Amino acid sequence: MTKPVKLVLVTAEHHPQHRLWVQLLEEVAKETGLEKEIRIEDYLLLTEHGDTDDLGMPWLPQLLVQLDDGSFQVLLSRLPLGKDLNPDIEEAKHIVLKNIRELQNPQSLSYMFYYCN
């Protein structure tokens with residue numbers, strides 16, 4: 001069984017939601033005790049391990065987790081919107097923490113990708 005070891009946020013400083021994603025990373029890292037890393041515009045990592053469109057092009061930002069075997073899993077690739085149509089950081093945090101728990105408990109892994117796609 002693999003174990004999460006590091007949260008990896010791939011973002012761009014000019015992206016309008018950059019600060020929200022950094023805030024999400026900080027809160028999840030604090031709650032889980034996982035290492036954190038911010039990579040700026042690492043399209044190679046996202047092409048190989050992140051979510052991509054139908055042409056294989058990744059988008060920013062995306063939050064991934066690196067596992068102890070060196071592989072990566074997408075935790076969140078789009079911020080959920082609240083009823084006011086603004087990004088909902090609390091819901092995003094809930095989704096990310098749920099996905100981390102599911103990685104630690106493989107019996108429920110099939111539900112993980114519902115939130116990522």
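In this text the structure is predicted, and so the values were computed from the model without any measurement.
Within the 4.5 Å cutoff, side-chain heavy atoms of E41 are placed close to those of H14. Proximity of P4 to Q66: side-chain heavy atoms (C-beta onward) are nowhere separated by under 4.5 Å. I38 is listed as a side-chain neighbour of T11, based on a closest heavy-atom distance under 4.5 Å. When side chains are defined from C-beta on, V74 does not count as touching N99, because their heavy atoms never get closer than 4.5 Å.
Hydrophobic clustering (side-chain heavy atoms under 4.5 Å, transitive across Ile, Leu, Val, Met, Phe, Trp, Tyr) keeps V5 apart from L25. At a threshold of 4.5 Å between side-chain heavy atoms, the hydrophobic network of Ile, Leu, Val, Met, Phe, Trp and Tyr places L9 and I40 in one connected group.
Residue Q23 holds its CD atom at 9.0 Å from NZ of K93, rounded to the nearest 0.5 Å. Taking CG from L64 and CG from L76, the interatomic distance works out to 10.0 Å, rounded to the nearest 0.5 Å. For the atom pair CD1 of I95 and CZ of R78, the computed distance is 12.0 Å after rounding to the nearest 0.5 Å. Rounding to the nearest 0.5 angstrom, the gap separating the NZ atom in K3 from the CG atom in L103 is 13.0 Å.
Residues in residues 4-24 take part in these salt bridge (Lys or Arg N to Asp or Glu O under 4.0 Å) pairs, two or more places apart or across chains: K6-E37.
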Fill in: Pair L79-L24, side chain to side chain contact (heavy atoms under 4.5 Å, CB included): steps then yes or no
CA-CA 10 Å; L79 286 177; L24 175 64; 4.3 Å; yes
Fill in: Criterion side chain to side chain contact (heavy atoms under 4.5 Å, CB included) on L46 and D51, from CA distance to verdict
CA-CA 7 Å; L46 291 181; D51 281 347; over 6 Å; no
Worksheet entry | Trace of the side chain to side chain contact (heavy atoms under 4.5 Å, CB included) decision for T52 with M57 | CA-CA 5 Å; T52 58; M57 298 296 295; 5.8 Å; no
Discussion item. Using side chain to side chain contact (heavy atoms under 4.5 Å, CB included), reason through W21 and Q62 one step at a time and then give a plain yes or no.
Written reply: CA-CA 8 Å; W21 282 87; Q62 292 189 44; 5.5 Å; no
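With salt bridges taken as basic N to acidic carboxylate O contacts below 4.0 Å, one links K98 and E102.
In terms of the ring-ring contact (aromatic ring centres under 6.0 Å, His included) criterion, residue partners of H49 (sequence neighbours excluded) are, by chain and number, F72.
In terms of modelled atom types and a separation under 3.5 Å, the side chain of T47 and the main chain of Y43 share a donor-acceptor contact.
Between H15 and L60, the closest heavy-atom pair is NE2-O, 3.4 Å.
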Per-pair distances, 0.1 Å, donor-acceptor, side chain in residues 80-88, under 3.5 Å, sequence neighbours excluded:
from : atom 1 : to  : atom 2 : distance (Å)
D84  : OD1    : N86 : N      : 3.1
D84  : OD2    : N86 : ND2    : 3.3
D88  : OD1    : E90 : N      : 3.2
D88  : OD1    : E91 : N      : 3.0

